[in-house]
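Below is one structure, written out as structure tokens, with a few remarks after it.
Sequence lines set the chain letters: A, B, ... in the order given, protein chains first and strands last, and positions in each chain run from 1. In this text, all values refer to a predicted model and were calculated from it rather than measured experimentally.
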There are 2 protein chains.
Amino acid sequence: MVKPSGPVTGTQALSTINPEHPLPRKNRSSNSDGRTRLPVAQDVAELAGVSIATVSRALNEPEKVRPVTREAVMKAAAELGFVLNSAARALSTRRSSTVGVIVPSYGNEVFVRALSSFQRTMRAAGYQVLAASSEYDLATEMQEVAFLLQRGVDGLMLVGGIHDPALYARAERSQVPIIQSFSLSDREYCVGFDNREATFRAANYLLDLGHKRLAVVTGTRENNDRAAPRAEGVHLAMAERGLKLSPAHDLIVSSGIVAGRDAFSQLMGGPEKQRPTAIICGTDEIALGIMSEASERGIDIPRALSVIGFNDSSFSAVLSPPLTTIRVDADEIGKSSALALLNLMGARTTVQVTRITPELVLRGTVAPPEKL
Amino acid sequence: MVKPSGPVTGTQALSTINPEHPLPRKNRSSNSDGRTRLPVAQDVAELAGVSIATVSRALNEPEKVRPVTREAVMKAAAELGFVLNSAARALSTRRSSTVGVIVPSYGNEVFVRALSSFQRTMRAAGYQVLAASSEYDLATEMQEVAFLLQRGVDGLMLVGGIHDPALYARAERSQVPIIQSFSLSDREYCVGFDNREATFRAANYLLDLGHKRLAVVTGTRENNDRAAPRAEGVHLAMAERGLKLSPAHDLIVSSGIVAGRDAFSQLMGGPEKQRPTAIICGTDEIALGIMSEASERGIDIPRALSVIGFNDSSFSAVLSPPLTTIRVDADEIGKSSALALLNLMGARTTVQVTRITPELVLRGTVAPPEKL
DNA sequence: ATAGTAATTGAAAGCGTTTACATCTTCGAT
DNA sequence: ATCGAAGATGTAAACGCTTTCAATTACTAT
């Protein structure tokens, strides 16, 4: 506007014509109560003798400011102990550099392993992660997602593909990408594995060994696309051989070790001829419970009863006998999910489905069935 | 200002008198790219026919607005699907309703249990929690704290009382209160227990039973005010009876189950007369490792070797034999820490030290020493 | 009715960044 | 030297809330 200007610049002169601001209560570096105020970008700018915009650039796009200026800013920032205010940045950029994760439960080691590696990967990329657990409840999960969305997370990692429909709607509305984990989907981006196939293979292994009466016990299957397919896999394998899994041998328990103990009692309570000779469990915790109860009752594993777990938890290899289980690389799931989500948030939607392959780890809890 | 207005609104009209703003790119409810913009408080205000200040009040201090107004605002908010922008609020109020937690490791069940209940309590109070793990490293911890502080957490929960001095300085500068957990302190607010006393009692229990050669194995004790005192407790109990804990029976291992197995080998490698008859472990994981190795080598627990764990992890009760261990109520620690921190953040500094009492849970891995 | 007080509401100034745009430098090419 | 283009920096407008202060309205007690 004003080309040649004296000590009073054009824009400042304007404010004399326009008396809107009564009096700015500024008094740098100390609060109303006298406490030292934390330094802000403006303080750094003044100390470095540059504008606040330059400070911002020096910090975020160093290559856009001249080296000498950059140094000055860095020095000033360090001197003042300047810490950028994330809230202000988030407000300004409309992104929080925060992502959310919701796992069904912290009680299942596999989820905390995945969460942990997810988090590590995210942190390396400059993101913080807000985690919550849904306790296997859709409503709780929805609520947590609502909170996370309000918190402005830039992305979301969810376990499984069954969620409140409103969840997808809200995430969509906020343009927050979601990565699904631990199960596969052809509609969502995901990092997971085929749960049905995993137990299908385990069941076939048992069947090949000569077992005829298998049992399967999992945690809740309601709204759960991991547990339900795992049970299905066993049914399927038996059906393929013209066998039928007795309803009494298909148990749903509340997850955890003690649930496994109860399961044992229910399964092994009937007359010997009808008892299963092998049990496939939805988690290693359940398997542990079963083993514990078996040991207490003097039932020999694997001679009298074979057991297969799921996840290969840390304790599984050191049980006696060591637990044969379906290993899932939770670290890989966490890491890949993070990478995929990062990709999604960068709008480079090149990922689609990452398929993890579970592996049957042969240890000591499986043997051919006893001769009748 | 302008009451009845045609297509051109009051504020826009103003800009003709005051030419500072080139052209406000406002066009409510749709973005530059035509995408529908998420509703903000202003939209709610307009729909409800009130000012934005009233919207804020209706949402945050409902009692301060007339019921009829409140209803109108709520209705408008619901209709628009309004979600408050946390970043804006955080910027404005200078608090984020977020707290941070740093645990040494997610691999120790006790920490995730505490974290979990801490989180649950915090969520109930309207706070989100950002968690991180330090991997038992002070520098990593400091770095994570720096991130959390930058993120503007309102409070911090840390495990133990040994941290980078800079950590306290920074937190202090940001006026972020810290709650220390799992150990006691007379300088900091804390929720924990006397680690030394816990093993001291366990050792005495063993000594009373007739054991003379105890061993202790813990994870790293460097900068660790839980593991180190636990070892001390054992030393102390023996010293009180004129006994001395052989250096060979005092082991530091990397934590985890496999570490326990190694420990066993080291401890039980010597000539029988010198082997310990009882081992006190810093965690149940270590104890499990020891039990596993013992079982493999045919050493009978508890007859040939007694073992005491620490924490009472979920698997401990179902091992065979079930593990005698020092139970720590991690849920309580998490919950109380949260409550205490909430209190601290409310500036009502009435809490000081919450002392948790660990309990020796007698199960099957301890017996009197074999007759020599 | 009427003054006085209490309860509601609104206007507008922040909160601390980022960033579009304008301005000023720098520098190579003429 | 001089012109332009490219590069560096500065200005000031957002971002979307909360909150102080003033203005308005609703009540209460005369």
Side-chain angles (χ1 to χ4, degrees), chain A residues 1-5 9-12 14-15 20-26 31-32 37-46 48-70 72-73 82-97 150 152, chain B residues 1 10-11 14-15 20-26 31-32 37-46 48-70 72-73 82-97 150 152:
Chain A
M1 319 188 152
V2 186
K3 212 39 156 320
S5 67
T9 80
T11 25
Q12 279 176 339
L14 232 174
S15 71
E20 42 187 81
H21 306 335
L23 100 157
R25 59 152 183 57
K26 276 288 139 57
N31 229 359
S32 41
R37 195 178 41 72
L38 289 172
V40 297
Q42 180 63 51
D43 301 324
V44 176
E46 281 167 17
V50 299
S51 81
I52 183 179
T54 297
V55 170
S56 178
R57 279 187 290 253
L59 262 28
N60 301 310
E61 313 159 293
E63 74 285 357
K64 287 204 169 180
V65 331
R66 243 176 15 187
V68 51
T69 319
R70 189 192 318 154
V73 172
F82 169 72
V83 186
L84 190 135
N85 181 316
S86 301
R89 161 180 286 178
L91 178 57
S92 188
T93 61
R94 292 121 164 293
R95 28 191 44 254
S96 64
S97 293
Q150 162 154 37
Chain B
M1 327 187 147
T11 25
L14 229 175
S15 70
E20 43 185 81
H21 307 334
L23 100 157
R25 58 153 184 54
K26 272 290 141 53
N31 230 357
S32 40
R37 194 177 43 73
L38 289 173
V40 297
Q42 181 63 48
D43 301 324
V44 176
E46 281 167 18
V50 299
S51 79
I52 182 180
T54 299
V55 170
S56 176
R57 279 186 290 252
L59 263 27
N60 301 311
E61 313 158 293
E63 74 286 356
K64 286 204 170 178
V65 342
R66 243 173 20 186
V68 52
T69 318
R70 189 192 315 155
V73 172
F82 169 72
V83 185
L84 190 136
N85 180 314
S86 302
R89 162 180 285 180
L91 179 56
S92 190
T93 62
R94 291 121 163 292
R95 31 195 34 258
S96 64
S97 294
Q150 163 154 39

**Message:** Below the 4.0 Å mark, does dT17(C) have OP1 or OP2 next to a side-chain nitrogen or oxygen of Ser56(A)?
**Reply:** no
**Fill in**
Closest of dG16(D), dT18(C), dA8(D) to the Arg66(A) side chain is dA8(D)
**Asked** What does Ala41(B) touch in the nucleic acid at a heavy-atom separation under 4.0 angstrom: a base, only the sugar-phosphate, or nothing?
**Response** sugar-phosphate
**Asked** Counting only distance, no hydrogens or angles, is the base of dT17(C) paired donor-acceptor with the side chain of Ser92(A) under 3.5 Å?
**Response** yes
**Fill in**
Residues Val50(A) and Val55(A): closest non-hydrogen pair is CG2-CG2, 3.9 Å
**Request:** Determine whether Val40(A) and Asn85(A) make a side-chain contact, defined as any pair of heavy atoms from C-beta on separated by less than 4.5 Å.
**Result:** no
**Prompt:** Hey, is the side chain of Arg94(B) poking within less than 4.0 Å of OP1 or OP2 on dG16(C), counting only N and O atoms?
**Reply:** yes
**Item:** 4.5 Å side-chain heavy-atom contact, Thr69(A) and Arg57(A)
**Value:** no
**Request:** Give a yes/no on whether any side-chain N or O of Asn85(B) is located under 4.0 angstrom from OP1 or OP2 of dC15(D).
**Result:** no
**Asked** Atom CD1 of Ile52(B) and atom P of dT19(D): how far apart are they, to the nearest Å?
**Response** 13 Å
**Request:** For Asn60(A) and dT19(C), give me the distance from atom CG to atom C1', rounded to whole Å.
**Result:** 11 Å
**Request:** For Val55(B), report the nucleic acid contact type (base, sugar-phosphate, nothing); a contact means any heavy atom under 4.0 Å.
**Result:** nothing
**Prompt:** Nearest-Å distance, CZ (Arg37(A)) to P (dG16(C))?
**Reply:** 7 Å
**Prompt:** Which whole-number value in Å describes the distance from Leu59(A) CG to dT17(C) C1'?
**Reply:** 11 Å
**Prompt:** Between atom CD in Glu63(B) and atom C1' in dA6(C), what is the gap in whole Å?
**Reply:** 16 Å
**N/O (side chain, Arg89(A)) to phosphate O (OP1/OP2, dT18(C)) under 4.0 Å** = yes
**Fill in**
Taking dG16(D), dT19(D), dC17(D) as options, the one with an atom nearest any side-chain atom of Leu91(A) is dG16(D)
**Request:** Check whether any side-chain N or O of Thr93(B) sits under 3.5 Å from a backbone N or O of Arg89(B) as a donor-acceptor pair, and report yes or no.
**Result:** yes
**Between dA6(D) (P) and Lys64(A) (NZ): distance, integer Å** = 15 Å
**Request:** May I ask you to decide if Ala90(B)'s main-chain N or O and Ser96(B)'s side chain share a donor-acceptor pair within less than 3.5 Å?
**Result:** no
**Message:** Whether the side chain of Arg57(A) and the base of dG10(D) hold a donor-acceptor pair under 3.5 Å is what I'd like checked.
**Reply:** yes
**Asked** Side-chain N or O of Thr93(B) less than 4.0 angstrom from OP1 or OP2 on dT18(D)?
**Response** no
**Prompt:** For dT9(D), does either OP1 or OP2 sit under 4.0 Å from a side-chain N or O belonging to Thr69(A)?
**Reply:** yes
**Message:** Once you apply a heavy-atom cut-off of 4.0 Å, does Val83(A) come out as touching a base, just sugar-phosphate, or nothing?
**Reply:** sugar-phosphate
**Request:** Round to a whole Å and report the spacing from CD of Gln42(B) to C1' of dA14(D).
**Result:** 14 Å
**Pairwise 5' ranking along DNA chain D for Glu61(B) and Ala87(B), keeping only the more 5' one** = Ala87(B)
**Separation of dT17(C) C1' from Leu38(A) CG (nearest whole Å)** = 15 Å
**Asked** Where do Val44(A) and Val73(A) come nearest, in terms of heavy atoms and distance?
**Response** CG1-O, 3.8 Å
**Candidate nucleotides dT9(C), dG16(D), dA12(C), ranked by approach to the side chain of Thr54(B) - the nearest** = dT9(C)
